[in-house]
There are 2 protein chains.
Amino acid sequence: MLNDTSLHHLDISHIRSSCATCSLRELCLPVGLNDQEIQVLGDVVSYKRKIQRGGYLHRTGSQFQSLFAIRSGFLKTCVLEEDGRQQVTGFHMKGELLGLDAISTDTHTCDAIALEDSEVCEIPFAKLEEISRTIPSLMRHFHKIMSREIVRDHGVMLLLGSMKAEERLASFLLNLSRRFLMRGYSESEFNLRMTREEIGSYLGLKLETVSRAFSKLQDENIITVDNKHIQINDIARLRLKMGNSSCIT
Amino acid sequence: MLNDTSLHHLDISHIRSSCATCSLRELCLPVGLNDQEIQVLGDVVSYKRKIQRGGYLHRTGSQFQSLFAIRSGFLKTCVLEEDGRQQVTGFHMKGELLGLDAISTDTHTCDAIALEDSEVCEIPFAKLEEISRTIPSLMRHFHKIMSREIVRDHGVMLLLGSMKAEERLASFLLNLSRRFLMRGYSESEFNLRMTREEIGSYLGLKLETVSRAFSKLQDENIITVDNKHIQINDIARLRLKMGNSSCIT
DNA sequence: TGTTAATTTTGATTCAGATCAATTAAAGCG
DNA sequence: CGCTTTAATTGATCTGAATCAAAATTAACA
């Protein structure tokens, strides 16, 4: 499933320059850096890695070396218990940074699995720390990214701790909508990459409950559901459904 | 409620040296630093602040300047909604670092409220970032602390998303137990600082359900409850109650 | 392209936890 | 110290979501 070895015989220098120039700017890290700083960062972002749908980017317990910046595709992260219990902790798309949880123990604490064919840039963490010493704005920005992850998690905790099924689904859809919009896609029409079961795991619901909540929102003409294809017909009413909660980040 | 001004006419240099010498080592930050580095860090940890029971360390929306290292006492953090919905996101004790969520937007995203009279050391964040450039092990350690917070939150998400009431309470008690033990207190006997309602908010349960879960565990002779005083009689069985889930951190 | 497997929807039933309500116990406080 | 307020327990009832079950739809793949 893992196909990291498949890249080893490629022209690394080409990939490197590709990372440093054309697309590094699309990642979340280089915000506010000048050209020279981006060049330095580009030298650190060593190479691209492709993960096929269903493949693992990393597994719980595996050694931590690098953060991963998603360049394209869609992934989920999930923690799982000995007793089989599983919890999806997040869905991740282009521009987002994966692996932050692993810094604490130098070991990944969750699985990261591609929900569609994806590409990530590997960022050796030791090198990132090193150059962030000389580029204060990079360090600052990296801290903000970690902090944002904490804030996001608090939002999910609020959702899991105090919302009911329909509110959770509304919140989830609005969150996706906003993230698609930010990336230049439609905020009102998109395809889900995950199953009802994965949505349920993320939202603390069973898949049947998720399905019923979809149907309910459709019956009220707030959304139109065609399997994985979602159309938001009335975003204002969808926001009301959420119970005036602030959108999770 | 806030009594930060009450300290302004105190002898700061004394407080500073007090922070730098006798107790800075107790905080979570100086792990692995040498004496000189601790001295540098001590100069940054500017002064102590006392918060009375019920007082706010910071409020949602207030400007972020400093992290706070808890030197003594017990606090809760909670996010709240316009519609009054409230979610306790954590309980915090000696040695822990508060304010990490605020880095992302330079604004606090939650309230931090003292559950008993508490003392914190204020750590101006800009200065911390500055000196962490020259003390790599401090930077590394700070990153680990942020990462640990993310891992902890994922643990809570697992709890909220997939455990039932009794499992949640068992998990909660074991977590407290372990943290008290780490600080040199009894792991089997302690006083809760929070109400049933606050526990419920943290665990995504109503206070009545929390109370019933306490009673149930007591009926089974796993714990003895006397209002806020908890004695764990059979920690092994309490762990079993959790359903073999890994303890939240 | 046909066959199998996985996913989704919908219905019927059950149950854990919420809600409502009343009592008891503990904590503030003049 | 007694009085008031707040917190905790326990019981009765209700309800939202889980569970069980079956059918329908879609995706995988040989």
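Sequence lines set the chain letters: A, B, ... in the order given, protein chains first and strands last, and positions in each chain run from 1.
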Subject >> Flag side-chain contact, heavy atom, 4.5 Å: Glu208(B) against Arg196(B) >> reply: no
**OP:** Test side-chain contact (heavy atoms from CB on, under 4.5 Å) on Leu97(B) and Ile123(B) and set out the steps.
**Re:** CA-CA 10 Å; Leu97(B) 206 56; Ile123(B) 305 169; 4.0 Å; yes
Original post:
For the pair made of CD in Glu197(A) and C1' in dT9(C), what is the distance, rounded to whole Å?
Top reply: 15 Å
Subject >> For Arg179(B), the option from His92(B), Glu96(B), Glu187(B) that meets side-chain hydrogen bond (donor to acceptor under 3.5 Å, both in side chains) >> reply: Glu96(B)
Original post:
Taking the side chain as C-beta and beyond, is there a heavy-atom pair between Thr224(A) and Gln218(A) under 4.5 Å?
Top reply: yes
Original post:
Is there a donor-acceptor contact under 3.5 Å from the side chain of Arg49(B) to the main chain of Leu57(B)?
Top reply: yes
Original post:
Does some side-chain heavy atom of Leu217(A) sit less than 4.5 Å from a side-chain heavy atom of Leu173(A)?
Top reply: yes
Original post:
Taking atom C1' of dA26(C) as reference, at what distance in whole Å does atom CG of Leu192(B) sit?
Top reply: 15 Å
Original post:
In residues 227-234 of chain A, what residues come within less than 4.0 Å of DNA chain C, judged by heavy atoms?
Top reply: Asn227(A), Lys228(A)
Subject >> d(NZ, Lys216(A); C1', dG11(C)) in whole Å >> reply: 17 Å
**OP:** On the 0 to 90° scale, with breaks at 30° and 60°, tag the His58(A)-Phe68(A) ring pair as parallel, tilted or perpendicular.
**Re:** parallel
Original post:
What's the shortest heavy-atom distance between Val79(B) and Leu158(A), and which atoms?
Top reply: CG2-CD1, 4.0 Å
Subject >> Leu115(B) CG - dA27(C) C1' separation (whole Å) >> reply: 16 Å
**OP:** Give me the ring orientation class for Phe180(A) and Phe190(A): parallel if the planes are under 30° apart, tilted from 30 to 60°, perpendicular past 60°.
**Re:** tilted
Subject >> Shortest non-hydrogen contact between Arg53(A) and Leu115(A), atoms and distance >> reply: NH1-O, 3.3 Å
**OP:** Check each of Thr89(A), Thr77(A), Thr60(A) against Asp111(A) using the side-chain hydrogen bond (donor to acceptor under 3.5 Å, both in side chains) test, and report the only one that passes.
**Re:** Thr60(A)
Subject >> Heavy-atom protein contacts under 4.0 Å, nucleotides 12-18 of chain C, coded B base, S sugar-phosphate only, - none >> reply: B----SS
Subject >> Interface limits on DNA chain D, where chain B has a heavy atom under 4.0 Å of a nucleotide atom >> reply: dA7(D) to dA12(D)
**OP:** Describe the nucleic acid contact of Ser211(A) in one word from base, sugar-phosphate, nothing, applying a heavy-atom distance below 4.0 Å.
**Re:** base
